[in-house]
Every structure is written in C-alpha cells, then in structure tokens.
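So the structure is just underneath, and the comments pick up after that.
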Amino acid sequence: MSELGAGTRGASLGYDALWVASINAGKRDFFNQFPTTSVAVRNDLLFDETDTPQAKYLEGIAEVYENLSQEVQNAFENKEFPILISGAHSVSGGTIKGIADAFPDANIGVVWIDAHADIHSPYTSPSGNVHGMPLATALCLNDNEFQLDDRVIDPKTKEIWDELCGDKPRISPDDLVYFAVRDTEIPEDEIIEDLGIKNFTVEEVRMKGPKKCVNEALESLNHCDILYISFDVDSMDSMISKGTGTPVLNGLTQVVAEKIIYYLFQSQKVACFEMVEINPTLDDKENKMAETAFSILEKIVKM
C-alpha cells in the first residue's frame with residue numbers, strides 16, 4: 001500500500017488494520033475467501049527528500065501507477081471483480097488507467113466519494129501532495145490553464161506528470177460525479193465549475209436521501225459502459241473518521257455512506273471498487289476507523 005502521496009505517514013498500514021478488524025469481529029477467514037495480490041510500492045523513497053516538490057515523490061508514484069494499472073488489467077483478464085484496498089489516494093489514477101487499458105473502447109464512469117476533490121495538479125496544489133491529484137491525471141489536466149500565477153514547474157515534474165496523464169483523457173468531466181466533497185481550494189473550485197462536475201453535497205444527500213441522489217448520479221452516468229467507485233474514508237464525518245490523514249467535519253454518517261455504496265452497486269455496470277486513506281496511526285479510538293471500514297467492506301462483498 002503506497003503512502004508516497006500522503007501528507008502524513010501511516011496509510012500503508014490500512015490493510016493490516018482491516019485484517020485486525022476482521023479478526024476482532026470474529027471473521028478470521030474473511031480475507032482468505034478471495035485471491036489477493038500485493039502491488040509493489042516505493043515507500044522506501046520516503047527516507048529521502050523529494051526532488052519534485054510541486055508533486056512530491058512523483059517518480060515513485062508513477063512507478064506504482066504502472067504496477068497498479070497492470071494488476072487491475074490482470075484482474076479483468078481473469079474475469080475478476082477488483083476490490084482495491086489502497087493507502088494514499090494518489091495511486092487511484094493508476095486504477096483508472098488500468099480500467100481504461102483493459103477496456104480501451106469503453107466510457108468509464110467514476111463515482112468519487114470523498115471530502116476532497118482530488119483534482120489538483122502540480123500547477124495548482126498548495127501542498128504538492130499527490131493524493132490530491134489523481135483525478136487530474138485521469139482528466140489529463142497537463143497544461144497551465146489553471147496554473148497559479150507564481151508557480152514554476154520544474155522540467156522533471158512536468159515530464160513525469162505528462163507521462164501520467166498520457167496522450168488523452170481517460171475519462172471526461174461528464175463521466176465523473178462527486179459525493180460529499182466539502183474541503184477544496186480556490187483552484188479546485190474553479191476547475192470543477194469550469195468542467196461542470198456534479199457534486200452531491202452532504203446537505204443534498206441529507207435533504208433528498210441517498211437513494212434519490214444515487215439514482216440521479218447513475219442517470220447522469222447512463223452513457224458510461226463501466227463504473228468505478230472510489231471511496232475515501234474521509235468522506236465520512238471526522239467524528240467517525242479520525243483514523244485518516246485529512247479528516248473533515250460535516251461528512252457522511254457510516255449508515256449513509258453504506259447506503260450510497262449499496263445503491264450504486266445495484267447498477268450492473270459497477271466493475272471496480274476502491275477504498276483508501278485508512279490510517280490507524282492517527283486513530284484516537286484504537287482501531288475504530290478500520291473497524292468502520294471493515295463493516296462497509298464486508299457488506300460490499302455480499303452484494
């Protein structure tokens with residue numbers, strides 16, 4: 001599990017925390033039911049200073065992108081449904097790349113359940129943390145249209161970033177729907193508005209109900225052939241999701257998050273699910289975040 005793109009350390013321990021949660025829940029054989037594959041990561045690079053400060057550890061992340069992309073392709077070739085337990089959200093662009101490479105002629109719909117928009121790029125990110133950039137690679141945001149006025153991109157960062165983005169977008173803005181995004185910077189707000197990306201806010205989900213919002217989301221993605229769901233645990237309220245790198249107030253409850261995912265899975269187009277950003281080192285209630293995430297994961301595999 002890669003944590004190269006995170007601003008805090010510990011996301012690489014998310015799978016282990018889920019494994020402990022499964023045992024404590026009396027589900028000792030849960031993970032033994034399924035074939036599993038570990039994706040090679042480059043967390044060793046964290047011992048060194050990054051040489052791409054506008055997109056930290058980008059070279060190592062690009063390597064993980066390729067590794068993850070290939071494993072996702074392998075899963076589809078084997079007629080499997082890939083469920084990914086990832087560390088930092090930074091590598092999820094690799095998941096999308098893997099789906100796009102496996103189905104080159106398909107329209108890929110993305111449902112991004114997250115407190116953050118993750119649509120920054122090296123041209124806009126205030127932190128340089130790549131877990132805030134995966135959707136920018138999928139959308140191929142590799143020009144300076146939204147570049148900050150004082151931002152200078154070094155040649156190495158630009159070269160690697162352009163390679164991650166590829167020759168063309170893997171999804172279009174019409175293929176992307178947000179749920180629960182509520183913590184963004186001005187450049188992200190401008191990008192979202194310019195691209196016309198729909199965000200089902202927490203308030204809207206409360207008002208309309210998760211089923212109606214999901215139905216609207218699926219209708220807007222009806223033109224897509226395949227759906228990928230990316231679930232960041234910080235989409236839930238920070239009173240629940242303390243064991244994650246960037247908790248945010250006023251998020252989803254566990255029950256509502258479960259309902260959103262459940263209703264999404266009623267679509268036969270859902271072909272891939274990913275859960276990210278579980279960080280047990282930041283949890284103030286033993287392993288509560290992983291226990292909550294495991295409860296959601298257990299329900300998913302039964303769908």
Side-chain angles (χ1 to χ4, degrees), residues 1-8 11 14 54-58 61-62 64-65 68-69 84 86-100 108-142 146 148 161 164-165 169-173 175-202 217 227-236 238 241 244-248 251-252 257 260 272-279:
M1 298 178 67
S2 175
E3 60 176 81
L4 285 177
T8 55
Q54 289 96 0
K56 297 173 184 175
Y57 302 105
L58 189 60
I61 289 170
V64 180
Y65 255 58
L68 181 57
S69 171
L84 296 92
S86 300
H89 221 162
S90 48
V91 299
S92 296
T95 304
I96 297 173
K97 180 180 184 300
I99 301 171
I108 302 164
V110 175
V111 181
W112 203 263
I113 309 171
D114 198 325
H116 307 92
D118 293 348
I119 204 167
H120 270 302
S121 74
Y123 299 97
T124 64
S125 173
S127 68
N129 295 328
V130 183
H131 69 170
M133 306 184 192
L135 283 173
T137 66
L139 292 163
C140 201
L141 301 184
N142 61 347
F146 301 100
L148 299 178
W161 182 256
L164 282 180
C165 289
R170 299 179 182 104
I171 64 172
S172 79
D175 301 334
L176 171 62
V177 172
Y178 285 128
F179 272 86
V181 168
R182 59 195 183 278
D183 186 17
T184 56
E185 284 84 29
I186 291 175
E188 289 184 298
D189 295 335
E190 293 175 347
I191 294 169
I192 292 168
E193 182 177 2
D194 185 78
L195 298 180
I197 300 169
K198 170 62 179 175
N199 176 32
F200 289 92
T201 65
V202 175
L227 297 181
Y228 154 64
I229 303 170
S230 187
F231 175 64
D232 189 324
V233 296
D234 70 23
S235 61
M236 293 184 289
S238 58
S241 59
T244 189
T246 48
V248 182
L252 303 171
I260 290 171
C272 183
F273 177 86
E274 188 162 19
M275 180 181 287
V276 303
E277 297 282 1
I278 300 166
N279 189 335

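No hydrogens, no waters, no symmetry mates; every other heavy atom, side chains included, goes into these values.
More than 12 heavy atoms of other shown residues, nucleotides or ligands fall within 6.0 angstrom of atom CG in Leu195.
Contact annotation: the side chain of Val177 approaches that of Phe200 to within less than 4.5 Å [non-hydrogen atoms, C-beta and beyond]. The closest side-chain heavy-atom distance from Leu84 to Cys272 is below 4.5 Å. Contact of the Thr124 side chain with the Ile119 side chain is not registered, since no non-hydrogen atoms from C-beta on lie closer than 4.5 Å. Between Leu227 and Val110, the closest side-chain pair of non-hydrogen atoms is not below 4.5 Å. In this structure, Asn279 and Thr8 have side chains that are in contact, with non-hydrogen atoms separated by less than 4.5 Å. Residues Met133 and Trp161 have side chains in contact (heavy-atom distance under 4.5 Å, counting atoms from C-beta outward).
Summarising the geometry of Ala117 relative to Ile192, their closest heavy-atom pair is CB-CD1, 3.7 Å, with the distance given to 0.1 Å. The minimum heavy-atom distance linking Tyr65 with Gly94 is given by the pair CE2-N, 3.4 Å. Contact between Gly93 and Pro134 at its shortest, heavy atoms only, is N-CB, 3.6 Å. Taking all atoms of both residues into account, the shortest heavy-atom contact from Val181 to Asn199 is O-ND2, 2.9 Å. Between Ala136 and Ser121, the closest heavy-atom pair is CB-CB, 4.3 Å. Among all heavy-atom pairs drawn from Pro122 and Ala55, the shortest one is CG-CB, 3.9 Å.
A donor-acceptor pair under 3.5 Å links the side-chain atoms of Glu188 to the main chain of Glu185, judged by distance alone. Checking side-chain atoms of Asp118 against main-chain N and O of Leu135 turns up no donor-acceptor pair under 3.5 Å. Here the side chain of Arg182 pairs a donor or acceptor atom with the backbone of Ser235 at under 3.5 angstrom. Looking at Trp112, its side chain never comes within 3.5 Å of a backbone N or O of Phe231 through a donor-acceptor pair.
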* Stepwise, does the side-chain contact (heavy atoms from CB on, under 4.5 Å) test hold for Val276 with Ser86? -> CA-CA 5 Å; Val276 303; Ser86 300; 3.8 Å; yes
* side-chain contact (heavy atoms from CB on, under 4.5 Å) between Ile96 and Tyr228: does it pass, once the steps are laid out? -> CA-CA 8 Å; Ile96 297 173; Tyr228 154 64; 3.6 Å; yes
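Residues passing the side-chain hydrogen bond (donor to acceptor under 3.5 Å, both in side chains) test with Ser2, sequence neighbours excluded: none. Remark: Asp194 pairs with Glu145, Phe146 by the side-chain contact (heavy atoms from CB on, under 4.5 Å) rule, at least two apart or across chains. With sequence neighbours left out, the side-chain contact (heavy atoms from CB on, under 4.5 Å) criterion links Lys56 to Thr50, Asn129. By the side-chain contact (heavy atoms from CB on, under 4.5 Å) test, Asp234 pairs with Asp114, Ala115, His116, Asp232, Thr244, Thr246, sequence neighbours left out. Ser172 pairs by the side-chain hydrogen bond (donor to acceptor under 3.5 Å, both in side chains) definition with Asp175, not counting sequence neighbours. The side-chain hydrogen bond (donor to acceptor under 3.5 Å, both in side chains) search around Thr95 returns Glu274, not counting sequence neighbours.
Taken from SG in Cys165 to CG in Leu139, the straight-line distance is 9.0 Å, to the nearest 0.5 Å. From Lys198, atom NZ reaches atom CG of Leu176 across 12.5 Å, with rounding to the nearest 0.5 Å. Rounding to the nearest 0.5 Å places OG of Ser230 at 8.0 Å from CD1 of Ile113. The CD1 atom of Ile186 sits 12.0 Å away from atom CD1 of Ile191, with the distance rounded to the nearest 0.5 Å. Summarising the geometry, atom CD1 belonging to Ile171 is positioned 8.0 Å from atom CD1 belonging to Ile108; distances are rounded to the nearest 0.5 Å.
Checking each of Glu3, Glu277, His120, His89 against His131 for a side-chain hydrogen bond (donor to acceptor under 3.5 Å, both in side chains) leaves exactly one that passes, namely Glu277.
There is no side-chain donor-acceptor pair under 3.5 Å between Tyr178 and Thr201.
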